[in-house]
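This structure is a prediction, so every number in the text was calculated from the model and none was measured. Proteins get letters first, then strands, A, B, ... in listed order; numbering begins at 1 in each.
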Protein chains: 2
Amino acid sequence: MNKVTAIDVRRYVVDLLMNGSLAANARLPTEREFSEATGASRRVVRQALSSIEAEGLIWRRQGKGTFAGQPLEPVSALAAEINQTAEPIEVMEARLCIEPEIAALCATRATSDEVARMWALARLHYDVEDDEVTELWDSALHRLIARCARNRPLQTAYTLLDDTRASRDWQGMRARTRSESSLRETMAQHIAIVRAIEAGDASAAREAMRDHLLTRINAMFQAAALAGTTAADSDITYDHEASHV
Amino acid sequence: MNKVTAIDVRRYVVDLLMNGSLAANARLPTEREFSEATGASRRVVRQALSSIEAEGLIWRRQGKGTFAGQPLEPVSALAAEINQTAEPIEVMEARLCIEPEIAALCATRATSDEVARMWALARLHYDVEDDEVTELWDSALHRLIARCARNRPLQTAYTLLDDTRASRDWQGMRARTRSESSLRETMAQHIAIVRAIEAGDASAAREAMRDHLLTRINAMFQAAALAGTTAADSDITYDHEASHV
DNA sequence: ACGGTGAACCAAAACATAATTGGTTCGCAA
DNA sequence: TTGCGAACCAATTATGTTTTGGTTCACCGT
């Protein structure tokens with residue numbers, strides 16, 4: 001009797017998350033499929049998945065499935081209709097306004113459980129072969145932080161911005177702005193954000209989030225300048241917001 | 001041959017709209033039902049309905065039906081959805097996060113025309129008696145500032161928050177928080193905001209907007225304390241946000 | 001020849017039904 | 001007792017049918 005333990009299944013699933021090619025929707029196989037694939041009983045599979053979910057790497061929904069990252073808020077239909085015409089740079093500017101405040105609120109309200117999940121997402125080492133994957137885990141952390149601000153209107157506003165990332169010409173933008181070094185920088189900034197949140201330091205969280213977003217925005221500007229087609233004056237960095245205090 | 005003309009059907013439908021106890025956005029009979037009820041051909045019914053629709057009394061949607069009044073805009077629909085679960089204090093907190101940044105952007109982007117319009121709104125002397133009117137002009141100024149930030153996602157987000165004024169227990173809140181002195185204070189703060197925007201001073205505009213919102217929030221807290229029913233600890237002022245450097 | 005009628009057809013939205021999926025319980029057996 | 005499998009439950013999606021406004025067209029009466 002070759003017993004497959006929850007630890008084994010856990011390793012199997014985490015491997016799939018890190019190395020395997022996730023579907024576009026970040027959807028994982030069903031519990032029954034995992035059970036069949038690993039030879040473990042469904043109970044064991046559920047134990048493994050539950051532990052991974054508690055860590056914050058996946059989320060599950062009855063009738064829907066199991067997914068990598070963090071859940072999207074279900075504003076879907078209306079949000080898509082509203083945000084049809086948003087320019088990427090506009091969206092980033094809006095995020096620069098809202099997300100630092102969200103991080104500040106989050107610092108005063110996140111539970112230790114939630115902070116632990118943030119650490120798991122911030123410290124993730126994944127194969128960076130695919131832009132989609134990078135975006136998946138990045139957005140998961142940001143989404144989790146937004147949720148922990150515990151302010152529904154704000155979260156809805158953030159979701160409005162978050163939804164636009166998935167659509168349209170963001171894809172090409174991502175491919176150009178990502179690099180080995182910028183990835184390392186992003187991870188360092190994520191860690192700084194979570195550290196501030198864990199410390200309950202609202203001001204530090206706000207500033208860390210600002211730094212992070214400013215870095216990303218400037219990367220976008222530089223990518224646009226390299227591409228050359230759009231934005232004639234995009235070689236200037238986005239700093240007129242730095243008059244903050 | 002007793003022909004029923006479009007005019008006849010029109011009168012029939014308008015009568016239904018006026019006398020009948022139809023709420024706003026109530027559903028009307030289908031075109032086929034109208035046709036059967038009036039004896040007119042469907043074409044005639046459609047002519048009549050089209051004229052009524054052009055007047056703005058009804059709206060139609062393929063597959064959905066014919067409805068009284070004007071269709072709900074998607075943003076308003078989302079706002080209504082939020083209002084079912086969001087507390088007024090949550091909304092004010094969200095505004096406290098977003099609006100100062102909007103004011104800062106506005107200070108760098110508003111044209112002189114727009115500033116002139118802001119002055120007109122800020123200097124308006126309105127009667128304290130009528131809460132509705134007070135709220136209307138206050139909302140108008142804030143919306144104008146949001147528009148001048150020239151960022152559609154941000155403007156949408158603000159509209160989402162501002163729409164909540166129209167609904168539910170916001171009414172009672174208004175009546176309790178408004179007074180002769182608070183009205184004067186509000187006007188002074190409005191003027192300070194517009195002055196900073198006119199000067200192009202982003203930091204000053206941000207701070208002026210913060211002050212204004214904090215004042216309003218504390219007024220709400222005090223009103224809640226007076227009402228006594230809700231929020232046991234509402235006698236403390238809302239200041240844990242004041243750590244803002 | 002003209003205009004209206006009724007029927008048929010199209011597309012969008014709602015409604016109803018079946019299938020899928022995570023969550024839960026229970027009997028059975030090692 | 002513990003763990004497994006099966007069945008069942010509830011939420012969600014997928015699919016098909018019906019309803020409804022929008023459109024086209026052959027036909028009839030004047």
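- Atom P of nucleotide C:dT21 and atom CD of A:Gln62 are separated by 13 Å, given to the nearest angstrom.
- Applying the 4.0 Å criterion to OP1 and OP2 of D:dT12, one finds that A:Arg61 has a side-chain N or O inside that range.
- You'll find that the side chain of B:Arg60 is closest to D:dG21, out of C:dA14, D:dG21, C:dG23.
- Put simply, CZ on A:Arg27 is 13 Å from P on D:dT12, counting in whole angstrom units.
- The CD1 atom of A:Ile58 sits 16 Å away from the P atom of C:dT21 (whole-angstrom rounding).
- Rounded to whole Å, the distance from CD on B:Glu31 to C1' on C:dA13 is 14 Å.
- Between the side chain of B:Arg42 and the base of D:dG22, at least one donor-acceptor pair of N or O atoms lies under 3.5 Å.
- Between B:Arg46 and D:dG22, a side-chain N or O to OP1/OP2 separation shorter than 4.0 Å is present.
- Listed candidates were C:dG22, C:dA13, C:dC10. Nearest to the side chain of A:Arg32 is C:dG22.
- The CG atom of A:Leu28 sits 16 Å away from the C1' atom of C:dT20 (whole-angstrom rounding).
- A 6.0 Å sphere centred on CD of B:Glu53 holds more than 12 heavy atoms belonging to other residues, nucleotides or ligands.
- The line from SG of B:Cys148 to CD1 of B:Ile102 is 11.0 Å long, rounded to the nearest 0.5 Å.
- The residue among B:Thr66 and B:Arg43 whose nearest nucleotide of DNA chain D is located toward the 5' end is B:Thr66.
- Whole-Å rounding puts the A:Glu36 CD to D:dC4 C1' distance at 16 Å.
- Under 4.0 angstrom from either OP1 or OP2 of D:dT19 there lies no side-chain N or O belonging to B:Thr30.
- Side-chain atoms of A:Arg206 never come within 3.5 Å of backbone atoms of A:Ala103 as a donor-acceptor pair (strictly under, hydrogens ignored).
- Going from atom CZ of A:Phe67 over to atom P of D:dT13 covers 8 Å, rounded to whole Å.
- Of the listed residues (A:Arg150, A:Arg147, A:Arg109), just one forms a salt bridge (charged side-chain N to carboxylate O under 4.0 Å, His left out) with A:Glu114, and that residue is A:Arg150.
- Across the protein-nucleic acid pair, B:Lys64 atom NZ and D:dT18 atom C1' stand 17 Å apart, rounded to whole Å.
- A parallel orientation is assigned to the rings of B:His142 and B:Tyr158, their planes being inclined by less than 30° (bins at 30° and 60°).
- Comparing B:Gly39 and A:Gly65 by the nucleotide of DNA chain C whose heavy atom lies nearest to each, the residue mapping closer to the 5' end is B:Gly39.
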